[in-house]
Amino acid sequence: MTARIIDGQQLAERMRSKIAEETKAFQAAHGYVPGLGVVLVGDNPASAQYVRMKRRACEAVGITSVGQYLPANATQEEVEAVVNQMNADPAVHGILVQLPLPNHLDEEAVLRAVSLEKDADGLHPINIGRLAMKGRDPLFTPATPTGCMYLLEEAGAKLEGARAVVIGRSNIVGTPMALMLMKANATVTVCHSRTRDMQSIVREADIVVAAIGKPEYVKGDWLKPGAIVIDVGTNKIDDPTDSRGYRFVGDVEFASAVEVAGAITKVPGGVGPMTITMLIVNTLKAAQHSARSAV
């Protein structure tokens with residue numbers, strides 16, 4: 001068996017084309033365009049690259065992007081002050097605090113400072129709390145797990161009653177991913193660094209979402225034949241055969257997994273483009289919510 005490749009780049013492009021049309025219609029109706037405010041603290045190269053990619057993606061669909069960049073030694077008060085400025089700015093409809101923050105900052109307090117109505121990354125504690133509650137819906141859901149849900153839909157996954165395994169329990173991906181799968185009526189197991197006999201658990205899964213941050217950690221012989229695999233990992237490894245001297249791989253060993261899985265995302269070009277797309281979707285949604293509230 002050779003798995004079908006779930007092309008996140010292709011799906012993202014289709015969705016962004018539709019978003020561009022909706023943004024144009026929004027501007028025609030309201031006389032202004034949606035705006036995203038980005039807060040970047042420190043000089044982490046990966047974070048800076050993500051911010052550049054998000055800014056270009058916003059511009060491509062007609063959404064403005066405004067960045068506030070603070071040094072790595074910025075205080076808690078300085079970071080929260082920037083967030084509060086964006087909260088008060090009517091031209092900013094969605095706010096993204098680029099994570100991770102430097103270790104001396106209280107991440108939860110910064111995320112809590114973001115206005116609930118402008119939580120474009122879906123990580124405000126109240127939005128996460130609503131996601132965890134039966135019969136409650138958040139205003140926004142986290143970008144990466146939401147993108148994964150669209151990729152599962154693209155793959156034709158039948159979520160209701162399916163056995164799903166999420167590998168990783170981070171606040172950004174693993175935990176909200178598990179919550180979203182549960183809301184879709186899947187039976188969910190979360191595996192992590194303390195899980196015993198993880199391989200046997202993964203072998204029972206119809207759906208595997210790998211978000212543990214370890215290069216090529218999940219092997220093909222861990223998988224149930226025909227399983228749908230969403231690889232969230234983006235890990236930089238040395239590769240002297242590459243002109244750059246390195247390459248990016250996922251948390252799943254693609255070469256072995258592609259021979260067992262029914263469908264699998266690739267790295268790069270799988271989850272990453274969808275994460276950025278979901279941020280854009282949330283920004284447009286926030287602008288639409290703001291316009292309705294102003295009526």
Side-chain angles (χ1 to χ4, degrees), residues 12 16 19 23 32-125 127-128 139-144 146-147 170-173 176 213 232 234-236 244 246 248 268 271-287 290:
R16 291 181 195 183
I19 295 165
T23 301
Y32 60 89
V33 298
L36 174 68
V38 179
V39 180
L40 176 62
V41 185
D43 53 5
N44 182 303
S47 291
Q49 173 66 9
Y50 291 147
V51 168
R52 285 193 293 270
M53 292 168 63
K54 291 167 183 174
R55 183 176 64 245
R56 288 197 295 267
C58 282
E59 291 170 351
V61 299
I63 291 175
T64 61
S65 178
V66 178
Q68 289 282 355
Y69 307 109
L70 291 88
N73 62 354
T75 66
Q76 186 78 23
E77 292 73 18
E78 288 171 335
V79 176
E80 291 186 23
V82 168
V83 171
N84 286 325
Q85 287 172 10
M86 291 185 175
N87 284 336
D89 187 344
V92 173
H93 304 99
I95 298 172
L96 164 70
V97 178
Q98 182 64 44
L99 302 178
L101 293 172
N103 290 334
H104 69 281
L105 296 173
D106 183 339
E107 180 179 290
E108 182 180 353
V110 173
L111 295 176
R112 193 168 58 242
V114 175
S115 168
L116 192 62
E117 291 76 18
K118 296 189 178 188
D119 181 28
D121 220 19
L123 295 174
H124 191 289
N127 275 324
I128 294 295
L139 287 175
F140 306 98
T141 53
T144 297
T146 306
S170 72
N171 290 334
I172 299 173
V173 181
V232 180
T234 304
N235 307 286
K236 184 178 178 181
R244 301 169 298 179
Y246 65 88
F248 290 101
V271 174
M274 290 301 296
T275 295
I276 296 174
T277 301
M278 292 305 105
L279 176 68
I280 296 170
V281 167
N282 280 348
T283 301
L284 176 57
K285 182 179 177 182
S290 173

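Predicted model, so just to flag it, every value in this text is computed and none were measured.
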With rounding to the nearest 0.5 angstrom, report the [atom1] to [atom2] distance, [X] to [Y].
| X | Y | atom1 | atom2 | result |
| --- | --- | --- | --- | --- |
| Leu101 | Leu40 | CG | CG | 9.0 Å |
| Ile280 | Leu36 | CD1 | CG | 9.0 Å |
| His124 | Glu117 | NE2 | CD | 8.5 Å |
| Asp121 | Ile95 | CG | CD1 | 11.5 Å |

Inset, instruction - For the pair Thr23 and Leu284, evaluate side-chain contact (heavy atoms from CB on, under 4.5 Å) and give the outcome as yes or no after the intermediate values. - result: CA-CA 7 Å; Thr23 301; Leu284 176 57; 4.3 Å; yes
I need the minimum non-hydrogen distance between [X] and [Y], along with the two atoms involved.
| X | Y | result |
| --- | --- | --- |
| Glu80 | Ala113 | CG-CB, 4.4 Å |
| Pro142 | Ile128 | CG-CD1, 3.7 Å |
| Lys118 | Val92 | NZ-O, 2.7 Å |
| Glu78 | Thr75 | OE1-N, 2.8 Å |
| Met86 | Val66 | CE-O, 4.1 Å |
| Leu139 | Asn127 | N-OD1, 2.9 Å |

Inset, instruction - Take Tyr50 and Thr275 through the test side-chain contact (heavy atoms from CB on, under 4.5 Å) and record every step on the way to the result. - result: CA-CA 10 Å; Tyr50 291 147; Thr275 295; over 6 Å; no
Only distances under 3.5 Å count here; give the side-chain donor-acceptor pairs of residues 53-65 to other protein atoms, sequence neighbours excluded, each with its distance to 0.1 Å.
{"unit_1": "Lys54", "atom_1": "NZ", "unit_2": "Gln98", "atom_2": "OE1", "d": "2.9"}
{"unit_1": "Thr64", "atom_1": "OG1", "unit_2": "Pro34", "atom_2": "O", "d": "3.3"}

Legend entry - Exam field: side chain His93 to backbone Thr283, donor-acceptor pair closer than 3.5 Å: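 Between the backbone of Thr283 and the side chain of His93 there is no qualifying donor-acceptor contact (under 3.5 Å).
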Inset, instruction - Return yes if some donor-acceptor pair links the side-chain N/O of His104 with the main-chain N/O of Gln76 below 3.5 Å, else return no. - result: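 No; zero donor-acceptor contacts below 3.5 Å.
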Inset, instruction - Indicate yes or no: at least one non-hydrogen side-chain atom of Leu123 is less than 4.5 angstrom from one of Asn171. - result: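 No, their side chains stay 4.5 Å or more apart.
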Legend entry - Single hit among Val82, Leu99, Leu105, Val97 for side chain to side chain contact (heavy atoms under 4.5 Å, CB included) with Val41: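 Passing option: Leu105.
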Legend entry - Counterpart residues, ring-ring contact (aromatic ring centres under 6.0 Å, His included), relative to Phe248 (two or more places apart):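 Partners of Phe248 under the ring-ring contact (aromatic ring centres under 6.0 Å, His included) test: Tyr246.
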